[in-house]
Every structure is written in structure tokens, then in C-alpha cells.
Number of protein chains: 2
Amino acid sequence: MAGQHTLAETERAVQSRLADLTLDFEAMAVVSNLFRAANAVRNHLERTVLQPHDLTWTAFVVLWVTWIWEPIETRQVAEEGGFSKATLSGVLTTLEGRGLVTRERSKQDRRLVLVRLTPNGRRLMKKLFPEFNDQERVVVASIPRGERGSAAQALRQLSIAVQT
Amino acid sequence: MAGQHTLAETERAVQSRLADLTLDFEAMAVVSNLFRAANAVRNHLERTVLQPHDLTWTAFVVLWVTWIWEPIETRQVAEEGGFSKATLSGVLTTLEGRGLVTRERSKQDRRLVLVRLTPNGRRLMKKLFPEFNDQERVVVASIPRGERGSAAQALRQLSIAVQT
DNA sequence: CTTCGATCGTCCGTGTCCGAACGATAGCGG
DNA sequence: CCGCTATCGTTCGGACACGGACGATCGAAG
């Protein structure tokens, strides 16, 4: 939803299709801008930081979570990263093939699989994360310094509001 | 990034990996919560509104954009929806197969393809969009009424900040 | 010790999602 | 009117992304 039409134009167009219904355009604007922003920021970070290292977004998230919490169980990686176990399984196979992470069955509970970074993986993250954080700085530069905390809090509220 | 660790725990863990570097944790929190919120909201809307009608997120966005602006060129649909022309091409084929949209070559410029809704597609959207907007209301209910405008504006700023 | 329900990670099928390459078309300069 | 260059939508290959089904494993109840 990152088009060229203004909000007012969109409202007028929608209104003409559903003239008889009362709609919440403010809610529509918040949700629509949420996805527009998430898409734009993700594309920016992928282009500027991830693509030069031949990493996808999801692969980077997996590396990041593992880097911070290793050794970590796969279910926790999926939970922290916000995607399904099925998705993680494929990404882990890719990263394992590139020699960035290792899988290892837990001795205590042989249903679990522990994920770790290889030395190469750690070296990559030590170089990559500062670059990533630099670009995060660029992204939030448009929000006044004093409002960043409340912005993060409002976004957190959105997540909590829709949790089942 | 929707895990169980607190922000403070994460900061401490990251700091211990990069003790020698100055990082912007506030920027990190904003970006991370942005994706957490976008994912959570999308999942919520998919579950509550889209799945009962057997529609994916992207398919709904395509239908919505087309519904508002038809007839519309495919490049504009992709631009408004925030995905690539390649992605759109596949989704359009699916929607065409289900009899919800039509493709038509432009007479003026035969490189262009115009997209329209079928009567069935229009009927579906007329029923679906009010349901969607109802859930958008639920999502933003956690943000105080007076702050929704500025929240939408802040998100819009994020998109603009990373536009090349 | 044995059954049984719960939970783990993986696999499968289907549907996005993108960059790159492609053929078709348009509009320009000569 | 004829190449050149730009732009269009599609296709292709590879990597996500998810729900559901699966075998392996655990813990508890009997």
C-alpha cells in the first residue's frame, strides 16, 4: 500500500463505493500506514545492509536471534523471530548449508534441537549488526528524539491488542 | 520478533556481544516493534476476515486496490499494494481463475494491461470491506482516539524517510 | 512397565515474493 | 521510416511462509 494517491483521494473513492455505511477512516489510515512503513523499512534494510552479504530478511533474523541467545531451541527462534516452525526449518537448512549455524539434538530432551552460530556466523554478525543498527538510526531519524519511546510503546500496544 | 524476552534482557545480551560499540537501542526497539506489530495485525486480519473467504493477504490487497481505482494498470496495482510486478502477475492469474478480476490490454498503449473487478468481485468486496474495517477498528482500539492521527503520521514519516 | 496424550522438529503441498531475463510495444532522433 | 532506448507485463528459478500430517520422544497415569 505505498501508492501515489493521497489519503483524501482514497477516502473519497472508498466513500463513493460504500456511501451507505459508516467507516472508520482513521483506523484505516493507521493500519494502512503500518504496512506501508513496515514494507518500506524492510526493503530499505534489505537493500542497504542485507543484500551485499547475500542474506534474506528472515535469514538475518534467525542469525540475530541465535547470536543473542545461543544455544537456543528452534521453537524459541521461531517464537522470537515471529514465524512458524515450518518456515524456520527451511531457513535453518539454508544457513546450515552456508556454514553459518549448526543444529544439535538436545541430550536432556531428544525432541529438541539446539541452534548455535559457527565461528563464521559469529564473525559475520559482529560485522553485520553495527551496520544494521546504523541504518535503523537512519530510519527512525524522522521521528523526534523525544517521541521515539512512545512510538515504540504504541506499536507494542498494537501487537498486544491482537494477541489471542 | 515476538518473543518472551524483555527489552532490557535483550539490550543486556546485545551489549555483552558488542561491548565496545555504541548502539542505538531506541532505534532498535522502534524497528523491532514495527515488524512485530505489522506481523501481528496482519495475522489477526487474515484469521478473522480473510480466511473465512479463502483469501490471502496479498489477494485481498489486490482486490481492494482494484475495487477503489478500477480500471487500473497492473503497475499501479503493484505500486499501491507495495509488492513487485512479478508477485502481482501470479496473484492476478489466481484471482482471474476464481472469476473475481479480469485482465484487458489497453487500446491506447498495448504494453499496458488494465485490471477490473467482475460483478462477483465487486459483490465480494462490498461485503468484505466493512468486515475488514470493523477489525481495523478493533486493532487501533488500543491507541487513544486523540493519538491515532499522529500515529498514522509518524508511520507515514517512516515510509517517506527511507524512500530513495 | 505400559499406555496415552502432549509436544517436538520435519516434511509436504500450495501460495507468495523477488530479481533477472525476456519478448512486445512505444516514442524518440535522425 | 528506421534503429535506439525505455518501459510494459510475464516467466523463471530460488527462497520464504504457513497449516496440516507425520514419526520420534517425553511425562504422567495406572
Side-chain angles (χ1 to χ4, degrees), chain A residues 1-2 35 38-40 42-47 50-63 66 71-79 81-98 100-115, chain B residues 1-2 35 38-40 42-47 50-63 66 71-79 81-98 100-115:
Chain A
M1 309 213 187
F35 291 110
N39 264 335
R42 173 170 165 161
N43 285 340
H44 174 79
L45 292 172
E46 280 181 338
R47 269 203 328 272
L50 268 31
Q51 266 178 13
H53 295 275
D54 202 31
L55 280 175
T56 64
W57 177 265
T58 310
F60 174 75
V61 172
V62 170
L63 288 176
T66 307
I72 182 172
E73 304 167 8
T74 55
R75 54 175 173 172
Q76 293 176 317
V77 178
E79 170 75 13
F83 32 75
S84 68
K85 299 180 301 170
T87 297
L88 176 62
S89 215
V91 177
L92 271 185
T93 301
T94 300
L95 290 174
E96 208 177 10
R98 290 180 55 177
L100 297 174
V101 305
T102 60
R103 277 196 258 223
E104 175 197 352
R105 283 248 165 234
S106 164
K107 305 291 187 196
Q108 286 77 27
D109 186 338
R110 301 196 52 76
R111 291 172 303 180
L112 305 181
V113 169
L114 299 179
V115 185
Chain B
M1 307 212 186
F35 291 109
N39 264 335
R42 173 171 166 159
N43 285 339
H44 174 78
L45 293 172
E46 280 180 338
R47 270 204 327 274
L50 268 32
Q51 266 179 15
H53 295 274
D54 200 31
L55 280 175
T56 64
W57 176 264
T58 309
F60 174 75
V61 172
V62 171
L63 288 177
T66 306
I72 183 174
E73 303 167 9
T74 56
R75 55 177 173 171
Q76 293 177 318
V77 177
E79 169 77 11
F83 33 75
S84 69
K85 299 180 302 170
T87 298
L88 176 63
S89 215
V91 177
L92 270 186
T93 300
T94 301
L95 290 175
E96 209 177 9
R98 289 179 56 178
L100 297 174
V101 304
T102 60
R103 276 195 259 224
E104 175 196 352
R105 283 247 166 235
S106 164
K107 306 291 186 194
Q108 285 76 28
D109 185 339
R110 300 197 53 76
R111 292 173 301 181
L112 305 181
V113 169
L114 299 179
V115 184

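On a predicted model such as this, the values are computed, not experimentally measured, just so you know. Proteins get letters first, then strands, A, B, ... in listed order; numbering begins at 1 in each.
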In this structure, CG of B:Leu92 is separated from OG1 of B:Thr66 (nearest 0.5 Å) by 7.0 Å
So, for A:Arg98 and A:His53, which heavy atoms are closest and what is the spacing to 0.1 Å?
NH2-O, 3.5 Å
If you compare every side-chain N and O of A:Ser84 against the phosphate oxygens of D:dG19 (OP1, OP2), does one of them come in below 4.0 Å?
no
Base, sugar-phosphate, or nothing for A:Thr56, non-hydrogen atoms under 4.0 angstrom?
sugar-phosphate
Looking only at the side chain of B:Lys85 (C-beta and beyond, no hydrogens), which of the listed nucleotides D:dC18, D:dT11, D:dT10 gets closest?
D:dT10
For atom CD1 of B:Ile72 and atom C1' of D:dC8, their distance in whole Å:
15 Å
Side-chain (B:Arg103) to main-chain (B:Leu114) donor-acceptor, under 3.5 angstrom:
no
B:Arg110 side-chain proximity, nearest of D:dC8, C:dT25, D:dC18
C:dT25
Taking OP1 and OP2 of D:dC18, is either one under 4.0 Å from a side-chain nitrogen or oxygen of A:Thr87?
yes
5'-most contact on DNA chain C (nearest-nucleotide basis), A:Val113 vs A:Glu46, goes to A:Val113
Position toward the 5' end of DNA chain D (nearest nucleotide), A:Val91 or B:Leu112
B:Leu112
Per atom distances to the A:Thr74 side chain, the nearest of C:dG9, D:dT11, D:dC26 is C:dG9
Could you tell me whether A:Arg105 contacts a base, only the sugar-phosphate backbone, or nothing, with contacts defined as non-hydrogen atoms closer than 4.0 Å?
nothing
Whole angstroms only, please: what is the CG-P distance between B:Leu50 and C:dG15?
15 Å
Need one value for A:Arg42: base, sugar-phosphate or nothing, where a base atom within 4.0 Å counts as base even if backbone is also close, heavy atoms only.
sugar-phosphate
Between C1' of D:dT7 and CG of B:Asp109, the distance in whole Å:
9 Å
Between C:dA24 (P) and B:Arg103 (CZ): distance, integer Å
18 Å
For side chain to side chain contact (heavy atoms under 4.5 Å, CB included), just list the numbers for A:Thr74 and A:Val115, CA-CA rounded to whole Å, side-chain angles, deciding distance to a tenth of an Å, and then say yes or no.
CA-CA 7 Å; A:Thr74 55; A:Val115 185; 3.7 Å; yes
Specify the separation, in whole Å, of atom CD of B:Glu73 and atom P of D:dT10.
13 Å
Assert: residue with more 5' nearest nucleotide on DNA chain C, out of A:Gln51 and A:Leu92, is A:Leu92
Mind checking the CG-OG1 spacing from B:Leu63 to B:Thr56? Nearest 0.5 Å is all I need.
9.0 Å
Quick check: any donor-acceptor pair below 3.5 Å linking the side-chain of A:Arg111 to the base of C:dT7?
yes
